[in-house]
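One structure, as C-alpha cells, below. Some questions next.
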Amino acid sequence: MKWTRGTRNDDVVDVRGKTARGGAATKVGVGGIGVALIVLLISRLTGVDVSNVVSSEGTGQAGGQPNPSGQPSHGTGPDPFADLIEQIKDVMKHVQDTWTTVFDQQVAGTPYRRAVLKIFEDGIETKCGYATSDIGPFYCPGDEYAYIDLRFYKTLDKLGGPGDFAQMYVLAHEIGHHVQTILGAQATIKRANPRETDNQRSVRQELQADCYAGIWANAARDRLEAGDLQEALAAAKSIGDDSLQRRGGGTVNPESFSHGTSEQRMKWFRRGFETGQLTACDTATQPI
Ligand SMILES: [Zn+2]
C-alpha cells in the first residue's frame with residue numbers, strides 16, 4: 001500500500017524496552033484476577049494463543065517469547081521495526097481520521113474519540129490486566145488502547161497472512177473494537193441475541209470489527225496497490241477459528257469459535273470494504 005514517511009502521530013506510542021516483565025506480572029498475579037480480567041475484557045485478533053498455533057514450526061520468538069534480558073529486541077543495533085513503525089504512524093493516522101469522518105457523516109450525536117496504539121514487547125500492564133505477547137494484538141476497552149508486539153507479524157506471515165496491507169488490517173481490526181466501545185456494540189449484540197452463548201456473541205463482535213476494518217479499507221482505496229485487498233482477505237482467512245484449530249492440530253469445534261470462520265471473516269471484511277457503511281456491519285441482527 002502507499003504511505004508517507006515522517007507522519008507525526010501522537011496516537012502511536014512505542015514503549016518497547018520500557019515494559020519490564022517481572023514486576024508487573026507479580027503485581028497483577030498471573031493466573032489470578034489479572035488473567036480473568038483479560039479473558040473477560042479484551043478483544044483479541046485471534047482468540048487463541050498464537051505462539052502455540054505456530055510453535056511446532058519453529059517460529060522462535062514470533063509469538064512473543066520472553067526476552068530474558070529485558071532489553072529491547074533490537075539491542076543497540078538498528079531497530080528492525082523502524083520502517084514499519086513509520087508506516088504504522090501514517091496508516092493509523094488515516095484509520096482514525098477516517099473514523100472521525102465516518103462518525104461525522106453516519107453517527108448522529110456521537111463524535112469519534114481517538115484511541116492510542118501502544119507498541120510493546122513481551123508483556124505489558126493494561127487496565128484489563130497484565131498481558132503477554134502470546135495472545136496476539138488486542139484492544140482494552142478499559143483504557144481504550146490497542147496493543148501490539150510487532151513480532152506478531154512474523155506469526156501472521158507463517159499463518160498465511162503476509163504483506164503490509166495485511167498488517168494494517170490487523171490494526172484496523174483492533175481500532176474496530178474501539179469503535180464498538182464508543183458505540184456500545186457489546187450491549188447491542190447481547191440485547192439482540194439474549195439466548196446465544198458468550199462465544200456466539202463474541203463471533204458477532206469480532207466479525208463486526210472485521211467489517212469496520214473493511215470500512216477503513218474502503219476509505220483507503222486510493223492507497224491500495226495491486227494485491228493489497230487480497231492480502232487483507234488472506235489475513236482474515238488465515239486467522240479464522242476453523243483454520244486456526246485445524247492448524248493447531250485439533251479437530252474443528254464450532255462451539256468454541258470466538259472470532260468466526262475464515263469464510264465469515266472474509267465476508268464481513270469485504271462487506272465493510274464494498275459499502276463503507278456502518279449500517280452494513282450490523283452483525284447483531286443480521287445472519288452472520
Ligand atoms: Zn478482535
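Quantities reported herein were computed from a predicted structural model and do not represent experimental measurements. Positions are given from 1 along the sequence. All ligand and atom numbering here is 1-based and tracks the order in the structure.
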Inset, instruction - Please say which of Asp164, Asp228, Asp210 ends up in a side chain to side chain donor-acceptor pair (under 3.5 Å) with Tyr169. - result: Asp210

Inset, instruction - Quick one: sort the Phe120 and Tyr147 rings into parallel, tilted or perpendicular, breaks at 30° and 60°. - result: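 Rings of Phe120 and Tyr147: perpendicular, over 60°.
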
Legend entry - Non-hydrogen side-chain atoms of Ile124 and Tyr145 separated by less than 4.5 Å: no

Inset, instruction - Verify, without hydrogens or angle tests, whether Gln96 (side chain) and Ala115 (backbone) share a donor-acceptor contact under 3.5 angstrom. - result: yes

Legend entry - Donor on one side chain, acceptor on other, Gln208 and Gln180, under 3.5 Å: yes

Legend entry - Under the ring pair (Phe, Tyr, Trp, His ring centres under 6.0 Å) test, residues paired with Phe273 that sit two or more places apart: none

Inset, instruction - Determine how many protein N/O/S atoms sit closer than 2.8 Å to the Zn ion (ligand 1), leaving waters out since they are not shown. - result: 4

